[in-house]
Each structure stands twice: as C-alpha cells, then as structure tokens.
Amino acid sequence: MSLAIATCQPTASADVRANGAEVRRLLRESAAAGARLAHFPEGFLSGYAVADVTTWEAVDWTVVRDELEQVAALAGELGIWVVLGSAHPLTAPHWPHNSLYVISEEGKLVDRYDKRKCSHTEVTRFYTPGFEAVVFDVDGFRFGLAICIEINFPDVFADYDRLGVDCMLVSAYPVDSIFATKARAYAAIHNHWLSLSVPAQTSHLFHSGLIGPHGEVLADVGGDPGLVVGTLDREDPALHVALDLARPWRATARSGEIYQERRVSDERSRVRTEF
C-alpha cells in the first residue's frame, strides 16, 4: 500500500490573493504529478504573524475566506486533499488561531488544527492557542498535524504516536537549521513518515521535503520555490526494519509489561555501591 504526497515550498507574502493563487497553482501541479495530498507551510494563506503580518487589523478576513473557498473548490475539482496553513479568525477581541485547514478530496473543510504550543511572541501578541490533536485518514494512512515550535515538545509527537499516525505533517516558518535535525529524529524515534513544509524564504536553513520512518530524507524540494512529491510506501524494503520491526517492538517496550514480567527480587540488584 502506498500514497503520494506533495510537500510544498512556496514563497510567502502578505498578499492573501497572491498566496491563494500560488496555492491553487501548486495544487494543479501536485495533482498532475499524482499526489493525493498537498501540504503547505505555517500561516501561508493569511500571512504569518511578524514575518508577513504586523497587525491583524491589516488582514481582510473576507478575502482570506474567499481564497480558502476557492482552494477548497479546486481541491474538489482535482480530487486532492489539502493541508493549508493560515490564521483562523475568532470573535473580536480574541486573537486568531494559528491553524492548519484540512480540506478533503471532495472540496470540504473537514477539520482544523490549532497550534497548541505557541511561542512567547505568538501567545502574548498574536495568537490564541488551541488544545486538541487532530488526525485524519487518507487511503489507509493516518496523518497527524503539528506547527513549527511544537517540534521542541516531545509530548506532542508521543501523543500522535499513541493515536497511531503513519505520517506527521509539520508546517513551519523556521528560524534555525537544527529544526530539520529534530524532525528527522522524531521520524526515526516514532518510525513514521514526516512531511516538512516551509516557505521558500527559509530554504537557506533547510529544504521542505519528506522524511522516512528511518529518519532519512526521501524527497527534497531543493532551494528554490516549488514542490516535491514523495511516496509513503509500506512495502519499501529500505523501511522494513523501521516499520515492521522497530515500530511494533518500541510500542511493546513503551507499554512496559515485557520488563515488569521479568523483574526479579535479588539482593545484588538492590545494592548499588558494591560489585
């Protein structure tokens, strides 16, 4: 069983109309390449706070909604799933969520992930935090969602591991290159795929792409704006150890029963200051 996904690395801007047009262009390219899902960076549609938006009063939410509806309509026309970063407005005077919209192949908005671990700047000046994990299934693969600074919180990824995700979709607007190393580590620790989507402005730090359950990069966009299509393939021989051996064994190990049933009562075990 396999599934192709497009990891996108578009050029971000404060122009919502331009951002929406770029999403639709990349959706057409993704669908033409056989992708079943297209993944976009953090805050892309509305513009990301600080980098693209200095005040929410400058954002026309009617335009954001219209562009989102156009993206959803095209997704339905092309028969492709979309995970798209954008701010999601709340009732005034509350700040928006930093969100990922999940749009189905039928062109319907089926869920939304709201960033839970917001940065200090975000939570004190720009965004309202969310509180729930989000998973969804496409063609027998389960996806989980995370945003940017959440890469620094192992509990976020452990939570998704318990929810049985096959692939994490991590959207970001990064500020350092170690971010990619952390992403590869989580993929290897939890033995799942990880799609990492960032804007082209940050490609000097690392590139967008798909990481395999063994922690190796399977597909790389490169340094220019664009996308790359990678495949989640459960039958890939290179992933046999990660998927068929390591992942089930680690689940057993985490439960702890295999160790508890082998625990012994021995004086030489209790005394730690003698050989």
Side-chain angles (χ1 to χ4, degrees), residues 5-16 18-20 22-23 26-27 37-54 56 59 64 67-68 71 81-90 95-103 109 111-130 132-134 143-153 156-157 160 167-180 182-183 186 194-211 221 225-228:
I5 67 173
T7 305
C8 301
Q9 185 174 275
T11 301
S13 79
D15 186 335
V16 177
N19 295 341
E22 181 67 355
V23 171
L26 290 174
L27 280 189
L37 182 151
H39 175 210
F40 289 86
E42 175 181 23
F44 183 74
L45 183 62
S46 62
Y48 175 61
V50 184
D52 304 312
V53 178
T54 56
W56 294 120
V59 176
V64 175
E67 289 296 326
L68 180 63
V71 168
W81 287 74
V82 184
V83 171
L84 175 59
S86 179
H88 175 79
L90 302 183
W95 295 331
H97 288 309
N98 185 344
S99 303
L100 293 174
Y101 290 119
V102 181
I103 301 168
L109 180 61
D111 215 331
R112 189 190 74 242
Y113 176 69
D114 303 323
K115 188 176 185 179
R116 294 175 282 173
K117 308 293 189 183
C118 296
S119 72
H120 176 76
T121 298
E122 288 177 321
V123 80
T124 58
R125 292 175 52 196
F126 288 101
Y127 293 107
T128 296
E132 296 180 6
V134 168
F143 292 87
L145 304 174
I147 301 178
C148 203
I149 199 174
E150 293 182 323
I151 200 77
N152 295 306
F153 296 88
V156 169
F157 290 82
Y160 278 117
C167 180
M168 286 295 299
L169 303 176
V170 180
S171 299
Y173 205 120
V175 296
D176 57 49
S177 60
I178 197 68
F179 192 106
K182 296 173 185 176
Y186 285 123
L194 191 151
S195 174
L196 183 52
S197 176
V198 302
Q201 286 95 324
T202 67
S203 63
H204 63 287
L205 298 173
F206 57 85
H207 303 157
S208 300
L210 180 66
I211 302 166
V221 175
L227 63 83
V228 67

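In what follows, residues are counted from 1 in the order of the sequence shown. These figures come from a predicted structure and were not determined experimentally.
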Query raised in the report: Are any of the side-chain heavy atoms of P225 and P10 separated by less than 4.5 Å?
Result: no
Query raised in the report: Do the side chains of I149 and K115 get nearer than 4.5 Å, heavy atoms only?
Result: yes
Query raised in the report: Does some side-chain heavy atom of N19 sit less than 4.5 Å from a side-chain heavy atom of E67?
Result: no
**Report entry** H97 vs L90 side-chain heavy atoms within contact, under 4.5 Å
**Finding:** yes
Report task. Determine the interplanar angle of the W56 and Y127 rings, folded into 0 to 90°, and report it as parallel if under 30°, tilted if 30 to 60°, perpendicular if over 60°. Result -> perpendicular
Query raised in the report: Distance-only, no hydrogens or angles: does the S171 side chain make a donor-acceptor pair with backbone N or O of F40 under 3.5 Å?
Result: yes
Query raised in the report: How about L45 and V64: do any of their side-chain heavy atoms sit closer than 4.5 Å?
Result: yes
Query raised in the report: Do F153 and R116 have side chains that get closer than 4.5 Å, going by heavy atoms?
Result: no
Requested in this report: Could you tell me whether the side chain of Y160 reaches within less than 4.5 Å of the side chain of L145, counting heavy atoms only?
Outcome: yes
**Report entry** Pairing residues for D52 by the salt bridge (Lys or Arg N to Asp or Glu O under 4.0 Å) criterion, not counting sequence neighbours
**Finding:** none
Query raised in the report: Is a side-chain donor or acceptor of Q201 paired with a backbone partner of A12 at a separation under 3.5 angstrom?
Result: yes
Requested in this report: Could you label the plane-to-plane angle of the Y173 and Y48 rings as parallel, tilted or perpendicular, counting under 30° as parallel and over 60° as perpendicular?
Outcome: parallel
